[in-house]
Amino acid sequence: MALPSKLQRRIFDLGDPGSGPTLVTIGGVHGDEPAGVEAMERLARHQPEPAGRMLGLTGNIGALRAGTRYIDVDLNRCWTEDGMAWAAQNPGAAAEHGELLELLEILEGAWRARSQEHPFVVLDLHTTSGAGPPFAMLSTREDEMAFGRRLPIVKVLGIERYVNGALLSFLSAWGAISLGFEGGQHQAPDSVEHHRALMWVAAVQLGLVEAGIERAWVERLQRACREVPGEIRVVHRHEVRPRDGFTMRPGHYHLEPIKAGLHLANDGTGAILAPVGGYLLMPSYGPKGEDGFFIGQAV
């Protein structure tokens, strides 16, 4: 998957926030996940005229150029008061500090400029190292649940209880409706199309663009999510540390039905078995990251 020759922080900034809802999309917060950036580049070529504002942002530009999840620290684990204060006081200590501060400035400006009478929605576009259907991640906050249920995708609930410093948790604390979206495998062409589908469907649901254009996108997402429960709640996270020697066993995939006791992975202590049954979420086949896998159960 080829990135644009010149990566820009703002991929598009369309419309007037005073005239309706604001929809912010962010891609490439992890540098080995370029599909969201490519999807936003394609949307920008259409230049829709929204009844509100549509803002598309690139996440970790340096890591995207390097093709790695992150350079010094995971940008999606820095969004805490302590993390942002450290970045502001030590902007050169980590490559991601400059990325965080630039994104923060733009996001704060968009939040101040929003129409308080209309929703402010953020879509954080991700992909995964393992194969599997796309799904959304959201909290159980009432307005986030209500918006998520308007979208034709699998909803994974409660992951914020297991992950500290995520961008979406930070924005949810402002009052934004924040939704993470795992569009598929990192380099799969379908991942770009899933991201495009979600952006258009979300824009229609918010009334930013006219209904009708989203029908094919709805069908695409429905086909991709076939035979998977509509809502899944996270009940387990397997944390990984660099010294663990964690290795996921081959062949596992997202939203794979599993039983308790299944041999999922290995590390320096031996076999790692599923502590509960349910659905396997985001098994990690990459060299970086703190999450080996999650397990969820149907709601």
Side-chain angles (χ1 to χ4, degrees), residues 1-11 24-38 40 56-109 122 124-130 137 159-160 162-173 178 180-183 185-187 191 237-248 267-268 282-294:
M1 190 176 300
L3 286 167
S5 57
K6 183 179 181 182
L7 284 170
Q8 302 180 74
R9 185 71 65 194
R10 293 178 191 251
I11 298 176
V24 180
T25 53
I26 305 171
V29 169
H30 291 135
D32 56 353
E33 303 176 17
V37 175
E38 173 62 22
M40 287 189 289
L57 302 174
T58 306
N60 196 336
I61 292 176
L64 281 162
R65 287 175 177 149
T68 184
R69 183 177 177 87
Y70 56 83
I71 294 174
D72 294 317
V73 294
D74 189 333
L75 183 57
N76 208 28
R77 298 295 184 270
C78 297
W79 299 87
T80 63
E81 289 187 13
D82 289 345
M84 288 184 289
W86 175 256
Q89 294 165 9
N90 305 273
E96 279 71 21
H97 288 172
E99 310 274 4
L100 182 149
L101 295 173
E102 283 188 23
L103 282 168
L104 178 61
E105 182 179 9
I106 295 171
L107 290 168
E108 286 179 332
V122 182
D124 187 13
L125 307 179
H126 287 268
T127 52
T128 50
S129 57
M137 298 172 289
I159 199 167
E160 75 281 356
Y162 297 87
V163 176
N164 187 43
L167 172 60
L168 291 184
S169 296
F170 172 72
L171 294 173
S172 287
S178 302
F181 183 62
E182 300 284 353
Q185 203 165 21
H186 291 335
Q187 297 294 329
S191 299
R237 171 191 180 233
H238 183 84
E239 182 179 2
V240 173
R241 297 162 297 181
R243 63 180 180 273
D244 288 348
F246 175 86
T247 305
M248 198 79 203
D267 64 12
M282 294 180 283
S284 176
Y285 288 99
K288 292 183 176 181
E290 301 172 353
D291 308 316
F293 58 84
F294 296 83

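As the structure is a computational prediction, the values presented were derived from the model and not from experiment.
- Annotation: side chain of Met282 is in contact with side chain of Met137 (closest heavy-atom distance under 4.5 Å).
- Tested against Asn60 for a side-chain hydrogen bond (donor to acceptor under 3.5 Å, both in side chains), the candidates His30, Glu33, Glu96 yield a single pass: Glu96.
- Side-chain contact between His238 and Phe246 is present, with heavy atoms from C-beta onward closer than 4.5 Å.
- With contacts defined as side-chain heavy-atom distances shorter than 4.5 Å, the pair Arg10/Ile106 qualifies.
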_Stepwise side-chain contact (heavy atoms from CB on, under 4.5 Å) test for Val73 and Trp86_ = CA-CA 12 Å; Val73 294; Trp86 175 256; over 6 Å; no
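- At distances below 3.5 Å, not a single donor-acceptor pair connects side-chain atoms of Thr68 with backbone N or O atoms of Ile71.
- Gly67 approaches Asp32 most closely through the heavy-atom pair O-CB, 4.1 Å.
- Glu239 contributes atom CD, which lies 10.0 Å from atom CZ of Phe294 (distance to the nearest 0.5 angstrom).
- Side-chain atoms of Lys288 come within 3.5 Å of backbone atoms of Tyr70 as a donor-acceptor pair (strictly under, hydrogens ignored).
- Put simply, the side chain of Asp124 reaches to within 4.5 Å of the side chain of Asn76, judged on heavy atoms.
- Of the possible donor and acceptor atoms, none in the side chain of Arg77 sits under 3.5 Å from a partner among the backbone N and O of Leu167.
- Here the closest heavy-atom approach between residue Met248 and residue Ser284 is recorded as CB-O, 3.3 Å.
- Scanning for side chain to side chain donor-acceptor pair (under 3.5 Å) contacts around Arg243 gives an empty result, with sequence neighbours left out.
- Annotation: Glu105, atom CD; neighbour count of heavy atoms from other residues, nucleotides and ligands within 6.0 Å does not exceed 12.
- Interatomic distance, His126 NE2 to His186 NE2, rounded to the nearest 0.5 Å: 10.5 Å.
- Taking Asp74 as the reference, Arg69 meet the salt bridge (Lys or Arg N to Asp or Glu O under 4.0 Å) condition, with sequence neighbours excluded.
- Nearest heavy atom pair, residue Ser129 against residue Pro283, reads OG-O, 3.5 Å.
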Let's go through Leu107 and Leu57 carefully: what are the C-alpha distance in whole Å and the side-chain angles of both, what is the deciding distance for side-chain contact (heavy atoms from CB on, under 4.5 Å) to 0.1 Å, and is it a yes or a no? CA-CA 9 Å; Leu107 290 168; Leu57 302 174; 4.0 Å; yes
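- Counting non-hydrogen atoms of other residues, nucleotides and ligands closer than 6.0 Å to CG of Asp72 gives a total above 12.
- Listed by chain and number, the residues in a side-chain contact (heavy atoms from CB on, under 4.5 Å) with Ala88 are Leu101 (sequence neighbours excluded).
- Gln185 places no side-chain N or O within donor-acceptor distance of the main-chain N or O of Ser191, the cut-off being under 3.5 Å.
- Side-chain contact check for Arg9 versus Leu103: some heavy-atom pair is nearer than 4.5 Å.
- The CD atom of Glu99 sits 6.5 Å away from the CG atom of Leu75 when rounded to the nearest 0.5 Å.
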May I have the step-by-step check of salt bridge (Lys or Arg N to Asp or Glu O under 4.0 Å) for Asp267 and Arg241, ending in yes or no? CA-CA 10 Å; Asp267 64 12; Arg241 297 162 297 181; over 6 Å; no
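- Across Leu168 and Gly180, no two heavy atoms sit closer than the pair CD1-N, 3.0 Å.
- Note: Phe170 and Trp79 have tilted aromatic rings, judged against thresholds of 30 and 60 degrees for the angle between ring planes.
- Using a distance-only test at 3.5 Å, with no hydrogens or angles considered, no donor-acceptor pair links the side chain of Ser178 to the main chain of Val122.
- With values rounded to the nearest 0.5 angstrom, Ile159 atom CD1 is found 7.0 Å from Asp291 atom CG.
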